[in-house]
There are 4 protein chains.
Amino acid sequence: MDNKRELIFKATEKIIASKGLQGLSMQQIANEAGVAAGTIYRYFKDKDELIGELRKNVLRVVASHILKDSGEGTLEQRFIRVWFNIVDFGRQRTPANLSYEQYIHLPGIDSDPHQTFENATFSELHVLFEEGKDAGVFHSLQNKTLFAISLEPAVALGRNIRRGQLKYDKAELELACSLCWQTINKQDNQIKLSNLTNKERSGQ
Amino acid sequence: MDNKRELIFKATEKIIASKGLQGLSMQQIANEAGVAAGTIYRYFKDKDELIGELRKNVLRVVASHILKDSGEGTLEQRFIRVWFNIVDFGRQRTPANLSYEQYIHLPGIDSDPHQTFENATFSELHVLFEEGKDAGVFHSLQNKTLFAISLEPAVALGRNIRRGQLKYDKAELELACSLCWQTINKQDNQIKLSNLTNKERSGQ
Amino acid sequence: MDNKRELIFKATEKIIASKGLQGLSMQQIANEAGVAAGTIYRYFKDKDELIGELRKNVLRVVASHILKDSGEGTLEQRFIRVWFNIVDFGRQRTPANLSYEQYIHLPGIDSDPHQTFENATFSELHVLFEEGKDAGVFHSLQNKTLFAISLEPAVALGRNIRRGQLKYDKAELELACSLCWQTINKQDNQIKLSNLTNKERSGQ
Amino acid sequence: MDNKRELIFKATEKIIASKGLQGLSMQQIANEAGVAAGTIYRYFKDKDELIGELRKNVLRVVASHILKDSGEGTLEQRFIRVWFNIVDFGRQRTPANLSYEQYIHLPGIDSDPHQTFENATFSELHVLFEEGKDAGVFHSLQNKTLFAISLEPAVALGRNIRRGQLKYDKAELELACSLCWQTINKQDNQIKLSNLTNKERSGQ
DNA sequence: TATGAATGAGTTTTCATTCAT
DNA sequence: CATGAATGAAAACTCATTCAT
């Protein structure tokens with residue numbers, strides 16, 4: 001019955017999403033969660049642990065959205081699915097997404113335990129890239145580089161749409177996606193239209 | 001004679017770069033700047049204003065690095081220059097770069113004044129993309145989208161290298177750059193090798 | 001069946017002995033005693049009562065050690081026995097002794113109920129002194145004064161040895177004891193060697 | 001101008017004297033001293049440092065009272081003076097005396113830095129005992145032992161009087177003092193009456 | 001009777017801000 | 001203009017005590 005713990009988690013995530021990590025007090029969390037301040041300390045040693053646990057949790061949630069159905073179908077189908085998963089998740093104003101963005105650029109993020117956890121959580125992406133390279137389809141680049149040129153655009157697009165800096169345009173996104181796909185392909189593999197259109201993705 | 005103001009600016013930037021926005025006290029800034037705590041209030045209404053001003057300043061510094069020589073030469077040459085400017089700046093562990101990353105994902109970033117300022121600062125990029133589209137060379141996409149698919153990768157690559165998550169590899173970066181160039185081009189415009197190699201950029 | 005109560009007592013004594021009265025939480029006591037925190041309140045109204053009861057208990061334990069065999073033999077033999085009982089008990093690092101020292105100098109010690117209890121507990125000492133005075137052997141001084149000049153030294157010596165500020169030296173202690181004996185005697189009653197040496201006390 | 005620091009010191013001493021170390025909050029100290037809570041932290045790193053500094057200070061005050069005029073006159077005169085200094089100081093209900101008693105039996109008191117400081121502060125007593133032994137007048141015992149048998153009684157008597165457990169009786173004290181003097185003397189050196197009576201001590 | 005989760009008042013400590021010098 | 005001592009509100013955290021189970 002991790003009811004209270006979950007309550008505290010959700011409350012913290014919500015506050016971080018709206019006010020950032022700066023304006024985050026234990027009292028606020030307690031109020032939002034509807035528990036006493038002292039109660040938080042039954043579930044988390046201190047604020048640092050709470051933030052740390054939340055970070056891991058958020059990362060898991062992000063990964064589960066991003067990697068949804070990422071194992072089925074052809075390489076191309078899997079790529080497209082992940083690409084749009086990223087955009088769709090990034091567009092959302094969910095606490096998970098908003099608080100995620102608070103974490104990733106924090107100092108200390110490059111420390112070993114964080115990196116290890118992050119790599120493990122997103123290991124399926126590595127699998128995808130490795131398979132593409134083994135099949136001789138993708139460029140022989142480091143996975144981080146492949147991510148940077150093909151999926152980082154999706155991250156940016158989702159964020160821009162959410163922030164209202166870019167208007168949502170299905171056709172534009174599909175073009176962007178196919179360009180990203182081509183960019184990591186050795187040969188000029190045009191994306192099959194059917195893969196783009198026959199998805200069951202929920203457009204806006 | 002904005003000597004003191006500059007001192008305070010640099011001190012703040014330095015602390016943010018190393019410890020983040022969390023652990024940032026006015027006393028620390030005063031110590032680092034070599035002034036009295038009260039003095040800061042002669043130059044800035046309060047902490048928020050100081051942070052806000054610094055944010056703008058950092059943005060200007062970033063822009064000046066990113067846009068260096070971005071107006072000279074062919075479209076292709078200008079793109080390559082900006083692309084590598086971004087990577088090279090992102091690789092650095094300078095206070096400007098490190099504190100920049102602290103700012104960009106802060107809540108409140110999508111407020112109007114910030115957006116307006118940001119757009120103005122990076123207007124040259126818009127010029128570049130508009131020219132490309134007008135010349136019928138670039139895809140007819142919104143500028144933010146063009147940025148996302150062609151330059152956001154450079155941002156990510158620079159950051160990854162700085163964090164030690166990606167090893168610096170000149171050849172790999174040049175391939176990545178040419179792929180980013182192709183991705184925004186309507187026709188399959190291969191990058192001219194001379195443009196990549198004859199640059200006066202200082203590789204690592 | 002005061003099993004739980006005894007458990008709580010011992011646990012409290014142990015913690016006080018090692019960490020003092022400062023760092024003493026009900027949770028700690030509960031953990032050490034192996035009971036739930038709430039259980040303590042079945043046996044003691046509140047923390048104050050627990051501490052108070054413990055104080056009395058410790059006093060009883062101290063008295064039982066100090067007054068061991070204090071009723072048998074000549075005045076001289078009884079004095080020597082008490083004197084060494086005090087030193088020997090004071091030297092020990094037992095919870096009873098260590099927690100005793102935490103109590104004696106607490107404010108509120110001079111309140112009536114405490115005094116009455118203390119006097120009752122150590123009444124045998126009063127008997128000893130009264131008998132000495134009645135027999136015309138001891139100086140006609142108040143009992144507290146007799147204690148101060150003849151037994152307080154034993155208290156101090158035991159404490160010093162325990163704290164490592166004085167090295168244990170049997171001969172030195174025996175000399176000190178005989179000097180303390182002489183000091184309360186009207187006539188120059190040298191202690192009989194046999195009384196010092198034929199004891200069954202276990203020296204270090 | 002250590003005005004504030006002194007204010008905080010006195011306030012803390014006063015509270016410790018009346019309520020002990022237990023009931024000692026920074027807020028209380030601030031109130032008593034008439035400063036803001038935060039001000040305390042300009043003068044002391046944290047509560048521990050404040051307590052520690054106070055302890056040293058109290059020890060110095062105690063020493064200055066105890067050792068008053070302890071260097072002048074014959075061995076006997078010096079002993080008598082110290083003996084009565086101890087009783088007279090111990091009888092007082094001054095914050096210095098009362099808070100002193102709170103400190104001496106705290107756990108951690110036997111740590112090296114504390115011991116070193118204490119020995120240095122009371123070094124004059126060691127000188128007194130050493131001189132007595134060198135002159136062949138005092139028993140060849142460790143200084144701590146000499147203190148225990150001759151001066152510890154004075155400590156106890158002062159405390160007892162203050163607590164109302166012993167009524168003040170000049171004649172009784174003078175007898176006690178002379179007995180203490182004899183107890184550390186090898187030969188049966190009766191105290192010279194003139195030394196006892198011609199003192200300028202202020203009896204109650 | 002026993003439990004231990006929950007409480008919330010109280011504790012220590014920090015820090016943006018003010019203001020007399 | 002510049003200082004830095006002082007402030008006091010607010011933060012993180014503790015803990016004696018209660019109460020539903």
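Given the structure is predicted, the values throughout are model-derived calculations rather than measurements. Atom set for the values below is all heavy atoms of this structure, side chains included, hydrogens, waters and symmetry mates excluded. All chains are named by letter (A, B, ...) in the order of the sequence lines, taking the proteins before the strands, and each is independently numbered beginning at 1.
Aromatic pair C:Tyr43/C:Phe9: ring centres not closer than 6.0 Å.
Nucleotide E:dG4 holds its C1' atom 14 Å from the NZ atom of C:Lys4, rounded to whole Å. Here the C1' atom of nucleotide E:dA16 and the CG atom of B:Leu21 are 15 Å apart, to the nearest Å. Taking atom OH of residue A:Tyr43 and atom P of nucleotide E:dG4, one finds them 13 Å apart after rounding to whole Å.
Judged by the 6.0 Å distance and 45° axis criteria, D:Lys56 is positioned over the aromatic ring of D:Phe117.
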Under the criterion side-chain hydrogen bond (donor to acceptor under 3.5 Å, both in side chains), I'd like the reasoning laid out for D:Gln27 against D:Asn31: C-alpha separation, chi angles, the key distance, then a yes or no. CA-CA 6 Å; D:Gln27 192 54 59; D:Asn31 293 344; 3.2 Å; yes
Working note: A:Arg162 + A:Glu101, criterion salt bridge (charged side-chain N to carboxylate O under 4.0 Å, His left out); need CA distance, chi angles, decisive distance, verdict. CA-CA 12 Å; A:Arg162 189 189 72 238; A:Glu101 295 222 335; 3.2 Å; yes
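Side-chain contact between B:Ile29 and B:Val35 is absent, with no heavy-atom pair separated by less than 4.5 Å. In this structure, the side chains of D:Tyr103 and D:Leu21 come closer than 4.5 Å at one or more pairs of heavy atoms.
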Going 5' to 3' through nucleotides 11-21 of chain F and flagging B where a protein heavy-atom sits under 4.0 Å of the base, S where only the sugar-phosphate is that close, and - otherwise, we get SSBB-SBB---
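Other residues, nucleotides and ligands contribute at most 12 non-hydrogen atoms within 6.0 Å of the NZ atom of B:Lys14.
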Represent DNA chain E in dot-bracket notation, 5' to 3'. Only Watson-Crick or G-U wobble pairs with both distances under 3.5 Å count; pseudoknot-style crossings use [ ] and interstrand partners use |. .||||||||||||||||||||
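Under a 4.0 Å N-O distance rule, the pair D:Glu53/D:Lys45 does not qualify as a salt bridge.
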